[in-house]
**Q** 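First the structure, which I've put down as structure tokens, then a few questions once you've had a look.
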Amino acid sequence: MIDFDYVKARDLGDAVNLIERDPAAKFIAGGTNLIDLMKENVERPTRLIDITGLPLKEVVETQGRGLMIGALVPNSDLAYDERITTRYPLLSSAVLAGASAQLRNMASTGGNLLQRTRCLYFYDITTSCNKREPGSGCGALDGFNRMNAILGWSKSCIAVHPSDMCVALAALEATVHLAGPNGNRTIPFVDFHRLPGDTPEIDTNLAHDEIITAIELPPEEFSRNYSYLKIRDRLSYAFALVSVAAALKIEAGTIKDARIALGGVAHKPWRVPSAEQTLEGQQPRRKTFGEAADVILQGAEGFAHNSFKIELARRAIVRALDQAAAGMPQSQSVKAIV
Amino acid sequence: MQGKPQVRHEPSARGLAPRFEVRLRVNGAERRLRLRPWTTLLDALREYLDLTGTKKGCDHGQCGACTVLIDGRRVLSCLTLAVMKEGAEITTIEGLAAVGELHPLQKAFISHDAFQCGYCTPGQICSAVGLIAEGHTETSDEIRESMSGNICRCGCYPNIVAAIAAVIHGALS
């Protein structure tokens with residue numbers, strides 16, 4: 001870890017001023033990813049701006065009957081908030097599938113969006129990584145790439161976004177609220193994280209001098225028929241090989257609306273709206289779910305150690321939709337997949 | 001793997017960041033420290049306050065041995081910067097026992113043989129105190145999942161779960 005300076009922001013305006021003036025500074029809230037990356041010498045900010053004093057810690061109803069989640073709401077508070085567990089249980093389930101209780105107590109909602117890939121080559125500064133050092137190459141391409149992407153990758157970068165919460169937020173079509181020197185703006189969740197392309201060093205469309213202030217959930221809740229299914233090498237406390245956030249709106253035995261997002265497979269949560277549309281007007285059936293899965297996985301291509309993820313993802317999509325249709329969401333504590 | 005580390009440790013022209021005054025309430029006592037920003041709470045506790053009960057297992061937030069309670073919530077002290085916890089109420093393993101009597105979880109860990117080498121144990125117990133305070137956990141499956149951030153190389157998991165279950169359900173043997 002390099003030596004760094006520390007300052008605590010007094011308010012939102014102060015925070016934006018401080019970050020704008022210093023391209024080598026970073027915000028710190030929970031620090032659960034940033035401090036780890038600093039210990040690994042992957043992140044080397046020369047100043048940390050502590051934003052934990054900012055008034056971004058509330059969950060409030062919006063005018064449109066949705067919810068506005070402050071960027072500093074801890075992951076655990078979010079997961080157990082009664083408004084979230086009753087109206088957006090898919091989000092609660094996804095948050096509880098990730099990390100550990102201690103980490104969920106520390107980590108902020110905004111920070112969860114901004115966490116960086118856990119790709120082995122990104123983390124190990126003795127290896128080639130275009131995300132960490134543009135132009136140095138991608139060690140994962142012909143390396144140990146079990147935890148890497150099968151969709152949306154480029155020859156520059158095959159990293160995946162590690163968040164579970166983000167997969168649910170993608171399925172729920174959240175909106176990210178930002179503040180910066182030029183005022184406030186919003187980004188639809190689908191546009192927040194980027195694909196690597198030939199600029200893998202840029203993870204998101206948040207500018208350096210901007211700060212996430214809140215995540216907004218729309219009123220469509222999908223609270224009856226949903227499941228967050230996470231497949232991983234261990235039963236707990238491990239990142240996904242493949243995860244699926246599945247949500248259905250079923251009326252009179254017919255699917256009216258479907259949302260399917262994948263985690264663990266790409267640089268951002270993976271959603272294919274045309275696949276979801278194939279389910280509209282259909283009865284919930286495994287064969288139909290399989291056809292949707294095939295559309296979602298179109299173009300999927302793996303590497304030496306992760307091609308199994310393609311078939312795994314197909315089966316996980318079908319299983320998650322099955323669970324959602326049955327109203328039997330995957331439990332994050334009883335691990336059997338029924 | 002080929003390659004050399006890309007970090008050059010040149011002394012920075014601006015000099016080291018100053019020490020910051022930090023007031024922490026640790027196990028009920030006010031402690032004042034002067035710390036560089038990069039001092040983790042774990043290092044502050046162990047190196048500056050001689051509270052070596054909290055352990056450094058991995059220093060990267062992966063093992064849970066450094067678990068302490070901040071304002072009643074279980075967190076990892078290795079990923080916490082001490083300067084960010086001005087005014088916080090911190091409880092370590094040393095602070096759990098009331099005068100003259102072990103905490104119920106400490107008693108349960110003994111009666112249920114829930115530790116062997118003891119290295120993960122302070123973190124396990126602090127984590128379990130946090131778990132019980134959170135109030136979401138009842139079944140063994142839920143305890144297991146909720147304690148998944150604390151790992152034990154000796155493999156004491158069944159007895160750890162039993163000890164915690166015993167305290168949750170109010171029956172101590």
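Chain naming here is simple, since letters A, B, ... match the order of the sequence lines and numbering starts at 1 in each.
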**Q** Considering non-hydrogen atoms only, spot the tightest contact between Thr80(B) and Met106(A) and give its length.
**A**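 For Thr80(B) versus Met106(A), the nearest heavy atoms are OG1-CE, 3.5 Å.
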**Q** Applying side-chain contact (heavy atoms from CB on, under 4.5 Å) to Thr40(B) and Lys39(A), what does each step give before you reach the verdict?
**A** CA-CA 11 Å; Thr40(B) 61; Lys39(A) 290 188 186 197; 3.9 Å; yes
**Q** Can you confirm whether more than 12 heavy atoms, excluding those of Arg31(B), are under 6.0 Å from its CZ atom?
**A**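 No, because the 6.0 Å sphere around CZ of Arg31(B) holds 12 heavy atoms or fewer from other groups.
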**Q** Please report the closest heavy-atom contact between Gly61(B) and Leu103(A), naming both atoms and the distance.
**A**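 In terms of heavy atoms, the two residues are closest at O-CD1, 4.0 Å.
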**Q** From His60(B) NE2 over to Leu37(A) CG, what is the distance, rounded to the nearest 0.5 angstrom?
**A**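 So the gap between those two atoms works out to 10.0 Å.
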**Q** Report yes or no: do Asp36(A) and Gln62(B) form a side-chain donor-acceptor pair below 3.5 Å?
**A**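 Judged by distance alone, the side chains do not pair up.
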**Q** Given heavy-atom pairs under 4.5 angstrom as the criterion, report whether the side chain, backbone, both or neither of Glu134(B) touches chain A.
**A**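 Only the side chain of Glu134(B) comes within 4.5 Å of chain A.
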**Q** Who pairs with Met147(A) by side-chain contact (heavy atoms from CB on, under 4.5 Å), at least two apart in sequence or on another chain?
**A**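 Counting only residues at least two positions away or on another chain, Met147(A) forms a side-chain contact (heavy atoms from CB on, under 4.5 Å) with Phe239(A), Leu241(A).
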**Q** Taking side chain as C-beta onward, heavy atoms only, is Arg73(B) less than 4.5 Å from Ser76(A)?
**A**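 Yes; the side chains approach each other to less than 4.5 Å.
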**Q** Let me confirm one number: the SG-CD distance from Cys126(B) to Gln102(A), rounded to the nearest 0.5 Å.
**A**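 Cys126(B) atom SG to Gln102(A) atom CD measures 10.0 Å (nearest 0.5 Å).
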**Q** Side chain, backbone, both or neither: which part of Ala29(A) has an atom under 4.5 Å from a heavy atom of chain B?
**A**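 Only the backbone of Ala29(A) comes within 4.5 Å of chain B.
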**Q** Can you see which heavy atom on Ala17(B) is nearest to which on Phe4(A), and at what distance?
**A**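 Here Ala17(B) and Phe4(A) meet closest at CB-O, 3.2 Å.
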**Q** Between Lys335(A) and chain B, which part of the residue has a heavy atom less than 4.5 Å away: side chain, backbone, both or neither?
**A**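 For Lys335(A), the contact with chain B is made by the side chain alone.
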**Q** Would you indicate whether Glu30(B), at its atom CD, is surrounded by more than 12 heavy atoms from other residues, nucleotides or ligands within a distance under 6.0 Å?
**A**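 Enclosed.
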**Q** Pick one of side chain, backbone, both or neither for Leu96(A), based on which atoms fall under 4.5 Å of a heavy atom in chain B.
**A**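 Contact with chain B involves the backbone of Leu96(A) alone.
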**Q** Locate the shortest heavy-atom distance separating Ser236(A) from Ser148(B); write the atom from each residue and the value.
**A**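 Looking at all heavy atoms of both residues, the closest pair is OG-OG, 2.8 Å.
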**Q** For Glu58(A), look at atom CD and say whether over 12 heavy atoms of other residues, nucleotides or ligands are found less than 6.0 Å away.
**A**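 No, because the 6.0 Å sphere around CD of Glu58(A) holds 12 heavy atoms or fewer from other groups.
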**Q** Checking Thr139(B) against chain A: side chain, backbone, both or neither under 4.5 Å from a heavy atom?
**A**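 For Thr139(B), there is no contact with chain A at all, as no heavy atom is under 4.5 Å.
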**Q** Should we count CZ of Arg19(B) as having more than 12 external heavy atoms under 6.0 Å?
**A**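 Yes, the 6.0 Å shell around CZ holds more than 12 heavy atoms from other groups.
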**Q** When you compare the side chain of Arg144(B) with that of Leu235(A), does any pair of heavy atoms fall below 4.5 Å?
**A**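 No, side chains not in contact.
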**Q** With a sphere of 6.0 Å drawn around NZ of Lys26(A), does it hold more than 12 non-hydrogen atoms of other residues, nucleotides or ligands?
**A**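 Counting other residues, nucleotides and ligands, NZ of Lys26(A) stays at 12 neighbours or fewer.
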**Q** Determine the minimum heavy-atom distance between Val83(B) and Tyr6(A), stating which atoms define it.
**A**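 Minimum heavy-atom contact is O-OH, 3.7 Å.
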**Q** Identify the two heavy atoms, one from Asp3(A) and one from Gly15(B), that lie closest to each other, and give their separation to 0.1 Å.
**A**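 Between these two residues, the closest heavy atoms are OD2-O, 3.9 Å.
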**Q** Measuring heavy-atom distances to chain A, does Ile70(B) have an atom under 4.5 Å in its side chain, in its backbone, in both, or in neither?
**A**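 Looking at Ile70(B), nothing touches chain A.
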**Q** Checking Asn105(A) side chain against Arg74(B) main chain: does a donor-acceptor pair fall under 3.5 Å?
**A**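 Answer holds: yes.
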**Q** Please round to the nearest 0.5 Å and tell me the distance separating atom CG of Asp5(A) and atom CZ of Phe20(B).
**A**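 Between Asp5(A) CG and Phe20(B) CZ, I get 5.0 Å after rounding to 0.5 Å.
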